[in-house]
Structures are given as structure tokens and as C-alpha cells.
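Let me begin by presenting the structure, written as C-alpha cells, before commenting on it.
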Amino acid sequence: MDELRITKKTEPVMFTIRVDKAIVDFYDRLASETNRSRNELIAMALEFAMEKIKVETLEENHT
């Protein structure tokens, strides 16, 4: 089963992204339900995604 491992970070960095309002609404609801900040939840989701993303390279010669 996939796991979400939560560890304490030592050097937080701020950055800005633009997302669809539905994503913000989702994380606002989740924050309310879990008593965690939206920022904390998004950081957890991004860390989880880091381990799940795989980059596939396309072959350069398509014959």
C-alpha cells in the first residue's frame, strides 16, 4: 500500500504558483476537516508526488 510519510522540514522556502480555484477549494475543505493549514497539506502532497513522478524519455530516432 502507498504511504504518505510526514517528516519535519528544516529549511522551508516560499514560492508562488497559480492553480484552478477547485484545487484551492479542495485544500481549504481538507484543511478544515484535518485541522491543518492549507500550506501544510499542499507541501505534504507535493512531497508525496515527488516519489511517484516518473519521467519517461522519448526515443530520439522514430523509425
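Across every non-hydrogen atom of Ser37 and Ala31, the tightest pair is C-CB, 4.1 Å. Residues Thr34 and Leu41 approach most closely at OG1-CD1, 3.8 Å, considering heavy atoms.
Residues forming a side chain to side chain donor-acceptor pair (under 3.5 Å) with Lys21 (at least two apart in sequence, or on another chain): Asp25. When the side chain to side chain donor-acceptor pair (under 3.5 Å) test is applied to Glu51, no partner is found at least two apart in sequence or on another chain. Annotation: salt bridge (charged side-chain N to carboxylate O under 4.0 Å, His left out) contacts of Lys52 (sequence neighbours excluded): Asp2. With sequence neighbours left out, Ile53 forms a side-chain contact (heavy atoms from CB on, under 4.5 Å) with Ala49. The side chain to side chain donor-acceptor pair (under 3.5 Å) test applied to Arg29 returns no partner, not counting sequence neighbours. For Val13, the side-chain contact (heavy atoms from CB on, under 4.5 Å) criterion is met by no residue, not counting sequence neighbours. Residues forming a side chain to side chain donor-acceptor pair (under 3.5 Å) with Asn39 (at least two apart in sequence, or on another chain): none.
Under the salt bridge (charged side-chain N to carboxylate O under 4.0 Å, His left out) criterion, the residue pairs touching residues 32-46 are Asp28-Arg38, Arg36-Glu40, with sequence neighbours excluded.
There is a path of hydrophobic side-chain contacts, each under 4.5 Å, that joins Ile42 to Val19.
Phe26 is not listed as a side-chain neighbour of Ile23, based on a closest heavy-atom distance of 4.5 Å or more.
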